[in-house]
**Q** 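I have a structure I would like to understand better, so I am pasting it below and will then ask my questions one at a time.
Every chain is numbered from 1 and lettered A, B, ... according to where its sequence line falls, protein lines coming before strand lines. Remember, predicted model here, so these are calculated numbers, not experimental data.
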Amino acid sequence: MSRYSAAAIETKWQEAWTDAGIFRASRSEDRPKYYVLEMFPYPSGRIHMGHVRNYTMGDLIARYKLATGHNVLHPMGWDAFGMPAENAAMEKGGHPREWTYSNIADMREQMKPLGLSIDWSREFATCDPEYYGQQQALFIDFLEKGLVYRKNAVVNWDPVDMTVLANEQVENGRGWRSGALVERRELTQWFFRISDFAEDLLDALEGLDDWPAKVKTMQANWIGRSRGLQFAFDVIDGPEGHGEIEVYTTRPDTLMGASFIGVSPDHPLARQLEQDDAGLAAFNAECRRMGTSEEELEKAEKKGHDTGLRVRHPFDDSWELPVYVANFILMDYGTGAIFGCPAHDQRDLDFARKYGLPVMDTFVPADPPEGFTRPEAGGPAYVPPKSETVRYVRPVTGGEMQTGDDAVDAAIAHCESRGVGRGVTNYRLRDWGLSRQRYWGCPIPVVHCDSCGVVPERKENLPITLPDDVAFDQPGNPLDRHPTWRDVPCPNCGAPARRETDTMDTFVDSSWYFVRFTAPRAVTPTDLDDATYWMNVDQYIGGIEHAILHLLYSRFFARAMQICGHLPEKCREPFDALFTQGMVTHAIYVSRDENDRPVYHFPDDVEVHESGARLGATGEPVEIVPSAKMSKSKKNVVDPVSIIERFGADTARWFVLSDSPPERDVEWTDAGAEAAHKHLSRVYRLVSEIARMPAGAGTAEADDTLLREMHRAIHDVTGGVDSFGFNAAIARLYAFTNALAKSEAGGDAKRQAARTLAQLMAPMTPHLSEELWTMLGGEGLVATAAWPRADEAMLVDESVTLPVQINGKRRTEIRVPRDMDKAEVEKSALATDAVTKALDGAQPRKVIVVPGRIVNVVI
RNA sequence: GCCCAAGUGGCGGAAUGGUAGACGCAGGGGAUUCAAAAUCCCCCGGCCGAAAGGCCGUGCCGGUUCGAGUCCGGCCUUGGGCACCA
């Protein structure tokens with residue numbers, strides 16, 4: 001008997017699919033279209049298990065949809081701009097372009113053995129001038145529609161390397177290469193007006209029924225709609241132009257507990273005062289040395305500097321409050337100034353206690369719990385849960401009892417009626433800064449002219465391509481140092497002018513690639529007919545780490561492209577369904593060097609025994625650190641290529657689908673991969689035997705049992721695939737295989753069941769399934785065979801087993817006809833020994849019968 | 001610090017509010033074999049018990065319910081994101 005050999009069959013079937021052209025997508029009205037897309041990879045040079053998992057899931061969906069009669073689009077491309085290519089050029093020499101394209105070629109070769117059902121004719125990389133030229137055209141259209149503008153913004157500046165740093169390149173406040181303390185520097189940069197769309201981006205989340213709730217929640221919180229009061233404090237003897245300070249608060253009901261005013265170090269008032277106040281200037285300078293990330297800001301110790309200025313409370317002329325510059329106030333949010341109410345905000349309370357400011361409660365719990373200490377009396381800040389009723393002791397309105405949410409509205413109404421400010425809706429979402437001071441990105445297609453100002457390139461001059469002759473031997477953006485590229489005539493007046501040397505954020509590239517796949521060679525950004533036919537993406541699959549930025553930016557782009565006429569009306573939301581997959585993890589093997597620094601080891605170099613793990617070469621013991629995301633730095637990586645060479649693509653595919661729910665992380669283990677391979681070999685053997693069985697029926701009972709099991713398997717596997725329960729679907733296929741192996745059914749029934757097994761496995765193990773299909777005499781390719789349908793009549797049994805509980809604890813069970821009447825079920829449950837014994841002649845207090853499920857007798 | 005998740009046997013995990021542990025791995029026992037590999041069969045949460053069976057058990061504390069892994073409140077731990085990593 002021939003053994004299962006993946007090597008012998010996988011290439012053969014990949015060629016058969018290519019020859020049949022079954023993955024080439026073209027518009028057709030005779031079948032419903034289905035666009036399935038996995039988030040495209042960054043071409044690092046090696047595929048990793050996370051890629052295998054992502055593309056296997058997408059491929060499963062694509063193949064399943066093909067079998068269920070859909071016209072499937074399943075493309076692949078490369079998110080090819082970005083920092084690693086420049087880093088490689090700096091470290092190893094060479095050019096980012098060569099590095100990137102050679103990585104793409106390598107990764108394509110590593111991906112092809114997986115047998116993915118991809119239409120490779122649509123492949124492109126975002127660093128192809130054909131792609132980024134169309135992106136430049138989009139930018140010019142956005143500019144025309146006022147969707148993009150320039151303003152000042154801060155960046156991390158490395159004063160030694162004289163270059164802008166990404167947040168990732170800042171380590172503990174220092175530049176990653178130079179080690180110099182990072183400074184903040186203000187530059188004029190381009191911004192997309194995404195905040196103009198805040199309300200729509202928030203409201204439209206509700207319509208995204210097939211998105212994970214957690215992603216929608218994260219986006220909603222990110223957009224951050226809040227209702228609050230914006231009003232001004234009058235400054236006593238304030239400097240010229242600063243007679244008042246405008247603040248925004250979401251808690252106007254705590255206004256009578258205000259104890260200080262805080263302004264951002266970047267607030268115009270702070271900037272003016274620092275001119276004449278060396279202490280403040282030093283404080284502001286220190287604040288500006290902090291990184292630009294919100295995380296760093298929030299984690300930093302809260303500090304303030306008393307400006308000496310005082311403001312009047314809007315409801316009491318004699319009440320004066322001090323004005324502080326505080327390091328935790330963001331200039332980007334609200335008005336860049338707040339009032340602090342220490343009693344009801346822990347951060348404000350810490351600040352007040354640190355600087356000896358008063359603490360005044362505005363409300364207390366209506367029903368204080370035991371041990372409650374008011375903030376005034378030294379307790380922690382009192383922040384009531386939303387549902388809790390509170391009693392106002394210093395109400396804005398004069399009312400006595402109110403609850404949190406209504407109190408805010410009432411306070412706004414009251415303040416408005418007294419002429420103090422107005423209710424406003426604010427969003428946390430900021431405009432999207434897209435300028436990057438780097439080479440390896442899409443050039444921003446504008447020219448700076450001394451007389452005409454900022455002039456967009458003429459579209460006929462696109463693409464503005466990156467120059468080849470650049471060097472990375474010194475830090476900074478080589479475009480800045482490239483006079484023949486930089487110095488160009490003004491497209492408007494022809495006078496000498498300078499090209500913009502900033503390139504675009506790589507998030508721009510990934511915000512519309514999914515549209516480009518519908519017409520990758522179009523001479524305009526999109527082809528409206530193709531976009532109308534293929535969009536939206538029916539199923540998008542990718543990592544949860546993209547839950548906010550990439551997905552939000554893409555949603556913005558769909559709206560902006562629609563405004564510019566590049567997308568039809570229906571594409572306001574580009575992704576109908578979203579699935580976020582978990583990561584692939586692996587244990588980490590680590591030993592210590594003579595300086596007690598960690599040394600990581602590749603799994604291939606380690607032998608794991610029950611007594612512990614040792615290096616294979618030297619026998620040196622190594623520590624096993626619990627599983628974490630596979631990463632090069634920790635060396636806890638398994639190369640998919642070596643796994644495929646050892647076991648075949650189908651084994652790798654089967655394993656990454658089988659062991660964990662797809663949304664959760666999966667730990668790669670050798671044992672798991674071997675088990676997957678063993679199972680596929682068993683299926684191969686089993687089906688080979690069945691294929692040789694003589695035709696004919698077995699006993700009626702055996703045939704019926706097997707066919708019922710087959711229909712249940714069709715039902716469950718189909719349901720599992722539809723609901724992204726891939727691991728459950730695979731567990732079901734194990735059970736079906738076991739049933740098939742044990743069955744005494746005849747050759748006809750067994751062959752029918754085996755053919756169905758091949759079909760149900762085909763989206764997961766496409767090569768093996770083709771082989772089995774052929775063995776069993778199936779016609780054509782299993783990839784294009786119609787998906788089996790479960791016969792409803794075969795799914796239900798005549799009788800069911802019901803557990804019988806007494807007081808919620810299972811005590812016995814009864815076997816009853818499936819459609820038995822509730823009263824009858826109750827009667828038979830009460831007649832069981834366990835129940836009569838427990839009742840001991842008494843009447844049950846209550847009997848709950850859930851038909852087909854359970855009986856609970858309450859005594 | 002803030003936002004969002006997850007936590008179930010030795011391990012990965014299953015379970016529309018209804019028999020917790022399906023399916024798989026590891027482990028134990030057996031069959032086959034001259035022997036091994038491969039394969040096949042049985043057992044497999046903990047405690048008590050010869051068994052029948054009983055008690056406990058889904059990160060921790062409380063609550064809702066006839067019934068909670070599942071719902072609610074509060075914690076703990078781990079992971080993802082925090083706007084220039086992709």
**Q** Please pick, from B:C25, B:G1, B:C4, the nucleotide with the shortest atom-to-atom distance to any side-chain atom of A:N221.
**A**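 So the side chain of A:N221 is nearest to B:C4.
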**Q** Just call it for A:V847: base, sugar-phosphate, or nothing, with non-hydrogen atoms closer than 4.0 Å on any strand.
**A** nothing
**Q** Using the purine O4'-C1'-N9-C4 or pyrimidine O4'-C1'-N1-C2 torsion, is B:G45 syn (within 90° of 0) or anti?
**A**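 Because its glycosidic torsion lies more than 90° from 0, B:G45 adopts the anti conformation.
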**Q** When the P atoms of B:C55 and B:C4 are considered, how many whole Å apart are they?
**A**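 The answer is 41 Å between these two P atoms.
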**Q** Would you say A:R810 reaches B:G67's phosphate, i.e. side-chain N/O to OP1/OP2 under 4.0 Å?
**A**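 A:R810 to B:G67 OP1/OP2: no side-chain N or O under 4.0 Å.
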**Q** Please work out if A:E663 contacts a base, only the sugar-phosphate, or nothing of the nucleic acid, heavy-atom cut-off 4.0 Å.
**A** nothing
**Q** Quick one: is the NZ or CZ of A:K151 closer than 6.0 Å to the six-membered ring centre of A:F191, and within 45° of its axis?
**A** yes
**Q** Base, sugar-phosphate alone, or nothing: which one does A:G672 contact when heavy atoms must sit under 4.0 Å apart?
**A** nothing
**Q** Could one point to a donor on the side chain of A:E294 or the base of B:C82 with an acceptor on the other under 3.5 Å away?
**A**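 A donor-acceptor contact between them is absent.
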**Q** If each of A:R811 and A:S658 is mapped to the nucleotide of RNA chain B with the nearest heavy atom, which maps nearer the 5' terminus, i.e. the 5' end?
**A** A:S658
**Q** State whether the side chain of A:H679 and the backbone N or O of A:A676 hold a donor-acceptor pair below 3.5 Å, judged by distance alone.
**A**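 Here the side-chain-to-backbone pair does not exist.
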**Q** Kindly confirm or rule out a cation-pi arrangement of A:R184 over A:W157, judged by NZ or CZ under 6.0 Å from the six-membered ring centre and within 45° of its axis?
**A**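 Relative to the ring axis of A:W157, which defines the angle, A:R184 lies outside at least one limit.
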**Q** Could you tell me whether A:N727 contacts a base, only the sugar-phosphate backbone, or nothing, with contacts defined as non-hydrogen atoms closer than 4.0 Å?
**A**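 Sugar-phosphate, backbone atoms only, no base.
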**Q** A:Q189 near the nucleic acid: base, sugar-phosphate alone, or nothing, with a heavy-atom cut-off under 4.0 Å?
**A**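 Result for A:Q189 = base.
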**Q** Let me know the distance between CG of A:D161 and C1' of B:C84, rounded to the nearest Å.
**A** 16 Å
**Q** Distance criterion of 3.5 Å, no angle test: do you see the side chain of A:Q169 paired donor-to-acceptor with the base of B:C84?
**A** no
**Q** Between B:U70 and B:G80, how far apart are the two C1' atoms, rounded to whole Å?
**A**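 B:U70 and B:G80 have their C1' atoms separated by 23 Å.
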**Q** Find the partner of B:A26: check Watson-Crick (N1-N3 plus N6-O4 or O6-N4) and G-U wobble (N1-O2, O6-N3) distances, both under 3.5 Å, and reply none if neither fits.
**A**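 Per the H-bond distance test, none.
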**Q** Under 4.0 Å, heavy atoms only, any strand: does A:W222 hit a base, just the sugar-phosphate, or nothing?
**A** base
**Q** So, does A:K846 get its side chain near the phosphate of B:C66, meaning an N or O under 4.0 Å from OP1 or OP2?
**A**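 Answer yes for this pair, as a side-chain N or O of A:K846 is under 4.0 Å from OP1 or OP2.
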**Q** Does either side chain, that of A:W432 or that of A:D505, offer a donor lying less than 3.5 Å from an acceptor on the other one?
**A**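 Side chains of A:W432 and A:D505: pair found under 3.5 Å.
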**Q** Is the phosphate of B:A83, meaning OP1 or OP2, less than 4.0 Å from a side-chain N or O of A:R430?
**A** no
**Q** Using a cut-off of strictly less than 4.0 Å, decide whether A:R664 has a side-chain nitrogen or oxygen near OP1 or OP2 of B:G7.
**A**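 Checking B:G7 against A:R664, a side-chain N or O does come within under 4.0 Å of OP1 or OP2.
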**Q** Look at the side chain of A:R853 and the base of B:U19, then say whether one donor and one acceptor between them are separated by less than 3.5 Å.
**A**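 No, no donor-acceptor pair under 3.5 Å.
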**Q** Can you say whether the rings of A:F556 and A:F197 are parallel (under 30°), tilted (30 to 60°) or perpendicular (over 60°)?
**A**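 Correct class here is perpendicular.
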**Q** With sugar-phosphate meaning primed atoms plus P, OP1 and OP2, does A:H550 contact a base, only sugar-phosphate, or nothing at under 4.0 Å between heavy atoms?
**A**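 Nothing, no nucleic acid heavy atom in range.
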**Q** With a 4.0 Å limit, can you tell me whether A:K809 has a side-chain N or O closer than that to the phosphate oxygens OP1/OP2 of B:C56?
**A**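 Yes, because at least one side-chain N or O of A:K809 sits under 4.0 Å from OP1 or OP2 of B:C56.
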**Q** Using a 4.0 Å heavy-atom cut-off, does A:F328 contact any base of the nucleic acid, only the sugar-phosphate backbone, or nothing at all?
**A**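 Nothing: the residue A:F328, judged by heavy atoms under 4.0 Å, touches no strand.
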**Q** Got a donor-acceptor pair under 3.5 Å from the side chain of A:R438 to the base of B:C84?
**A** yes
**Q** Would you mind classifying the nucleic acid contact of A:G543 as base, sugar-phosphate or nothing, using non-hydrogen atoms under 4.0 angstrom?
**A**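 Nothing, no nucleic acid heavy atom in range.
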**Q** Is the shortest side-chain N/O distance from A:S660 to OP1 or OP2 of B:G13 below 4.0 Å?
**A**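 Indeed, a polar side-chain atom of A:S660 lies that close.
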**Q** Distance between the P atoms of B:C41 and B:G24, in whole angstroms?
**A**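 B:C41 and B:G24 have their P atoms separated by 11 Å.
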**Q** May I ask you to verify if any side-chain N or O of A:T506 is less than 4.0 angstrom from the OP1 or OP2 atom of B:A86?
**A**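 A:T506 to B:A86 OP1/OP2: side-chain N or O found under 4.0 Å.
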**Q** If you find the nucleotide of RNA chain B closest to A:K214 and the one closest to A:S681, which residue's nucleotide is nearer the 5' end?
**A** A:K214
**Q** Taking ring-ring contact (aromatic ring centres under 6.0 Å, His included) as the criterion, tell me which of A:W654, A:F655, A:Y4 meets it with A:H677.
**A** A:Y4
**Q** Classify the side-chain pair A:T100/A:W440 by whether it contains a donor and acceptor separated by less than 3.5 Å.
**A**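 Present: a donor and an acceptor within the cut-off.
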**Q** What does A:A547 touch in the nucleic acid at a heavy-atom separation under 4.0 angstrom: a base, only the sugar-phosphate, or nothing?
**A**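 Result for A:A547 = nothing.
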**Q** Taking the same atom, C1', in B:U8 and in B:A22, what whole-Å distance lies between them?
**A** 13 Å
**Q** Rounded to whole angstrom, note down the C1' distance from B:G46 over to B:G81.
**A** 40 Å
**Q** Establish whether the base of B:C66 is bridged to the side chain of A:N856 by a donor-acceptor pair shorter than 3.5 Å.
**A** yes
